[in-house]
There are 2 protein chains.
Amino acid sequence: MFFKNIDLIKALYYSKTASLNDLSIDTGRSIPYVTKGVADLVKLNIVKEIGIRTSSGGRKPATYSLIADTGFIISVAMNQFVTRIVIVNMNNEFVGDVQEFELKLNDNNNAIHSLIAHINATVIKSGLPQDKFLAVGITMPGFIDAFQGNNLSFLQSPDETLVTYIAKQVELPVFIENDSTSIALAEQKFGLPIARSNSMIINLGWGIGLGMIINKEIFKGHSGFAGEFSHLPLHKNGKLCSCGKQGCLETEASLLAIEAKATEGLKQGEVSSLVKYDTVSADNIIDEALKGDAFAVKIISEAAYFIGQGLAILLHLMNPESIILSGKGSVIGKLWLSPIQQAMNEHCIPHLTTYTQLAVSNLGNDAQLLGGVTTVIENLYKLSPQVSISEPA
Amino acid sequence: MFFKNIDLIKALYYSKTASLNDLSIDTGRSIPYVTKGVADLVKLNIVKEIGIRTSSGGRKPATYSLIADTGFIISVAMNQFVTRIVIVNMNNEFVGDVQEFELKLNDNNNAIHSLIAHINATVIKSGLPQDKFLAVGITMPGFIDAFQGNNLSFLQSPDETLVTYIAKQVELPVFIENDSTSIALAEQKFGLPIARSNSMIINLGWGIGLGMIINKEIFKGHSGFAGEFSHLPLHKNGKLCSCGKQGCLETEASLLAIEAKATEGLKQGEVSSLVKYDTVSADNIIDEALKGDAFAVKIISEAAYFIGQGLAILLHLMNPESIILSGKGSVIGKLWLSPIQQAMNEHCIPHLTTYTQLAVSNLGNDAQLLGGVTTVIENLYKLSPQVSISEPA
DNA sequence: CTAAACTTTTTAAAAAAATTAAAAAGATTT
DNA sequence: AAATCTTTTTAATTTTTTTAAAAAGTTTAG
C-alpha cells in the first residue's frame, strides 16, 4: 500500500491531526524532510490537509490528517473466555459495532477455527473489499513471541506459526501481541499524557498484567518475560498458583481470586446482594460493588490493597511518572484507587509516592481493542508493498 | 581540549583499541564519518594508529587507540567511612597508587574540606601539570542530582552547588554520581560482556545498591529515584530502617545488618573466631568467612538468601540478561552465590532463572573507581573547549 | 488605529552524513 | 599458483540536516 514514510504515517495515526512541526518533533526528523514526505503522501491520496490551526503569536500552521478510508485494521481482543472484534479506520475510529462472543482459550481444540471464522465473517459483513484491510491485530493472554508470531501458552498451531496459519485462512497479514503489552501501548499512544514516557500500566483482568513503558518504549526484557507482576512472590498464604508456585500476588488479587473469595464468603453466610446469583462471576461482583453492596466492595478493596503492596515495590524499583489502572477491571477504577494509594503510602519510603501519579485509564474497556490497532501500526513497515510493476520502457 | 568527535573518543576509551569498523558499530555512525573523524584526531595527537590486526579471511584492519598521556582523570570513590583517590590515563590505566583515607560522611562538617585537600594533594604529588587533568569524577552514596551537581544526602555546600564549590577549590571541572549508579556504568563499560545491554548490578556495600542497565542505558527513573532495592518492603521484622520505614530489605541483608547480627550472635555466645575482635567490623567478618569460620559464613549466607529473595522480584519484573554482584562485598562473591541462587530458584516461576545469569564482578573493589572515570567520560562533551582564538585575517 | 517588533511557519540554499559502488588487500579454495 | 571469496578502505552519489531567508501572523507601543 505505502512503503516509504511509514514513520510519518505512524505519527499521524497516533496524533490524528498534526502540523509539519508536530510531525518533525514526533518523528525526530528535520522539517524539510517531513515537508517533502507529507507532500508525497498527499499526492498518493493517503494524507490530506485539514486546515489552518490557531497560533500563539505567529504564522498559523497547516494541519494534516490521514484519509479515513485509505485502509482498515481489524482488531481482535481476546481473554480467557470472551473475544471481541472491531474494524478501525485510519482516523482511529471504530467502523460498525464491536462483535463480542464467547471463546474459551483453555482446553478448546476448536478455538483457533472459531476465531478464524469470526474474523472472516467480520470482513464479509463489513462489505468492504478485502484489499482495503491492512492487517489483523490479535491481542491475547499468554507468553507471546511477537516476532515469530506464536503464542506459547494458547492456540497452538501445527507445523507453522500461529500467525502464518491464521494469515493463510483470513488472507490478510496478521500480527499478535500479549494483552497487557498491547494495553500498555494503547495507553501510551491514546491514553493520558502522563503515560507517554515512563509508566507502569496495570491490566486488571483475570490475572494482573503489567506493561512497562520505559523511556518511551515498551519494555519486554532480555527474553520477553519482563513484567511478570502477577507472579511476584509476595504472600505466604500457601495458595497454589497456576504457575506452579505458591504465594503469587495473583492468588490474592486477580479477578479469579476475587471470584473465589466471594463464593467462599457467601458460603460462610456473608450478607450480600450477591446471594441472588447461582454462581458468582467477576462481572456480578463488579456490578454489585458499583451499586454499593458492602461485601462486594470489601473483597475488591482487599484485593486492591494487595495490588498496592505490589505497586509499592514497582515504585521503589522503577520510579515511574505514572501508574495507570487499565483493562477490564478498570471500569470500577474509582473503587480500587483509595486502597491502592493507601497500601502504596504505607509501603514506600517517605515522599516516594509523591513523584508518581496513580490514575484510572480513560480508555476503559476499549484499551485492548486499541492495543490491537497499535500492534498493527507498529508493524506497518513489515507489510510488503503491493506494487503494480510497470514494464520497462 | 577536544570539542568535536567526542563520541569517537568515548568509544575508543571504552574499547581501548578499535578498528574503524568497530568504531562505526560502537558509535552508530557511518564508516566514512568515522574515518574522517579518526584522521582528524590523529592529526591532533589525541589518537594514534596502533598497528594491523588479524582478520578472518579478508583485508587486515588498522587499529587505533587513544594516546595515554593526552589527559588524566581523577577518580574519587567515597563510601560512608573511607575515600579512595586515583589518577587514570586515557588508556584507562591507574597512574600511581590508589590513595586511601578515612573520611566520615555522617555528621562531619569538615568532610568537604578534607576531600578537597586530598584531591589537591593528589594533583601536586603526581607532578603532572594542572592542565593535563580533564576533570574529577566523584562517586558517593546518597541521592545525587548528577545534572545539577548536588548530593541531597551528604556534603551540603552553602549557596552554590556541591560541584561548583569543589570545582572552584580544585580548579578543575568536577562531576558527581551515585556510587551504585557509577558501579553499574563501570560494569557495563569495563566488566563482563553479559552486563552490556540488560543487567541488574548489585552494589554490596553498607547498603545494598542497585544500578539498572536497560536497553544499554543506565536507568534512573522519572525523577532519579529508580533502583531503591535496599528499601524494598519485604520483611515483617519490625526493624526500623534509616529511611524511617520498617522491614526494608537492608535491615536484614546489608553489611551494616550483618555487623549487627554478628555482634548480637557473639553476645549470645556463638562459637566463632570473631570473638578475638573488640568490636566486630564487616571487614573482620569477611576475613573470617574467607578463612572458613562457620558462624561468619552462616550470617553472610542468611543475608545472601534475603538478597536472593529480592532478586527474585527483580527477575519477575525486569527479566535481565544478567545479575552482577559488585562493590566492596563482591570480593567474597563466591560465598554469596549459592544461597542467592537458591533463593532465586525457590521464589521464581519455573524456568525464569534459566534466562538470567548470576555472576560476580571481575572488577572487584576497583569497580567504583572505574565508575568515577566513566562519570567523567560520559560528561566529556560538557568540558568547554580551551580554544586559543586566532585573530581574523 | 497603525506601524514596528516579535513569533511561528514555510521555503530555499548550503553543509553534513549516510548509502551505494568501486577498489584494494588479504585469506581461502581449487 | 590462480581464482574466488572476505574484509577493509576509498570514492561518488544520494539523502538528510543545518542554516539562512522569506512569508504570514500576533502583539505591543505610540
Side-chain angles (χ1 to χ4, degrees), chain A residues 2-12 14-44 46-66 216 380-382 385 387 392, chain B residues 2-12 14-44 46-66 216 380-381 385 387 392-393:
Chain A
F2 20 68
F3 359 84
K4 259 194 117 188
N5 296 315
I6 294 286
D7 47 351
L8 292 176
I9 292 171
K10 270 174 65 172
L12 274 167
Y14 292 138
S15 63
K16 278 157 202 175
T17 127
S19 70
L20 296 173
N21 239 319
D22 297 338
L23 289 172
S24 172
I25 293 166
D26 290 350
T27 59
R29 317 225 62 152
S30 70
I31 287 179
Y33 176 97
V34 168
T35 307
K36 209 177 295 173
V38 168
D40 289 350
L41 290 174
V42 169
K43 256 183 224 142
L44 289 170
I46 293 167
V47 168
K48 65 166 183 263
E49 193 179 323
I50 288 295
I52 304 291
R53 191 207 289 159
T54 61
S55 166
S56 58
R59 182 169 172 177
K60 293 171 176 173
T63 56
Y64 300 85
S65 281
L66 294 172
K216 304 192 181 177
L380 226 44
Y381 69 97
K382 286 185 191 160
V387 206
Chain B
F2 20 68
F3 358 85
K4 257 193 118 191
N5 297 317
I6 294 287
D7 47 350
L8 293 175
I9 293 171
K10 270 174 66 171
L12 274 166
Y14 292 137
S15 64
K16 277 156 199 175
T17 126
S19 70
L20 296 174
N21 239 317
D22 298 339
L23 289 173
S24 171
I25 292 166
D26 291 352
T27 59
R29 315 225 63 152
S30 71
I31 287 180
Y33 176 97
V34 168
T35 307
K36 209 176 295 172
V38 169
D40 289 351
L41 290 173
V42 169
K43 253 182 229 143
L44 289 169
I46 293 167
V47 169
K48 66 164 180 264
E49 193 178 323
I50 288 297
I52 303 291
R53 191 207 289 162
T54 62
S55 164
S56 58
R59 181 168 174 176
K60 293 172 177 172
T63 57
Y64 301 85
S65 281
L66 293 171
K216 304 191 180 177
L380 226 46
Y381 69 95
V387 208

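None of the values given here were measured: they were computed from a predicted structure. Lettering follows sequence order; numbering is per chain, from 1.
- Per the geometry, CG belonging to B:Asp40 stands 12 Å off P belonging to C:dA16, to the nearest Å.
- Of the residues in residues 16-27 of chain B, not one comes within less than 4.0 Å of DNA chain C through any heavy atom.
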Pairs under 3.5 angstrom, nitrogen or oxygen only, protein versus nucleotides 1-5 of chain C, please.
none

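- To the nearest angstrom, P of C:dA17 lies 11 Å from CG of B:Leu8.
- The shortest side-chain heavy-atom distance between A:Pro61 and A:Ser55 falls under the 4.5 Å cut-off.
- Judged by distance alone, the side chain of A:Ser24 and the main-chain N or O of A:Leu20 form no donor-acceptor pair under 3.5 Å.
- Within the 3.5 Å criterion, the main-chain N or O of B:Leu8 finds no donor-acceptor partner in the side chain of B:Thr27.
- Atom OH in A:Tyr33 sits roughly 18 Å away from atom P in C:dT10 (whole-Å rounding).
- Expressed to the nearest 0.5 Å, how far CD1 of B:Ile46 lies from CG of B:Leu41 amounts to 5.5 Å.
- For A:Pro61, whose side chain is taken as the heavy atoms from C-beta onward, the closest listed nucleotide among C:dA18, C:dT9, C:dT11 is C:dT9.
- Between the side chain of B:Thr63 and the backbone N or O of B:Thr17, no donor-acceptor pair lies under 3.5 Å.
- Residues A:Ser15 and A:Asp26 meet the side-chain proximity criterion, which asks for heavy atoms closer than 4.5 Å.
- Scanning all heavy atoms of the two residues, the minimum distance from B:Arg53 to B:Lys60 falls at O-CB, 3.1 Å.
- No side-chain heavy atom of A:Tyr33 sits less than 4.5 Å from a side-chain heavy atom of A:Leu23.
- Taking only side-chain atoms of B:Ile31, from C-beta outward, the nucleotide of D:dT17, D:dT10, C:dA17 with the closest atom is D:dT10.
- How far NZ of A:Lys48 is from OG of A:Ser65: 7.0 Å, rounded to the nearest 0.5 Å.
- Going from atom NZ of A:Lys36 over to atom P of C:dA12 covers 12 Å, rounded to whole Å.
- There is a side-chain donor-acceptor pair under 3.5 Å between B:Ser19 and B:Asp22.
- Rounded to a whole Å, the CG atom of A:Asp7 is 12 Å from the C1' atom of D:dT16.
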Legend entry - Under 4.0 Å protein heavy-atom contact, by nucleotide of nucleotides 20-30 of chain C - B base, S sugar-phosphate only: ----BBBS---
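- In this structure, B:Tyr381 and B:Asp7 have side chains that are not in contact, with every pair of non-hydrogen atoms separated by 4.5 Å or more.
- Look at CD1 on A:Ile52: it is 8 Å from P on D:dG25, rounded to the nearest Å.
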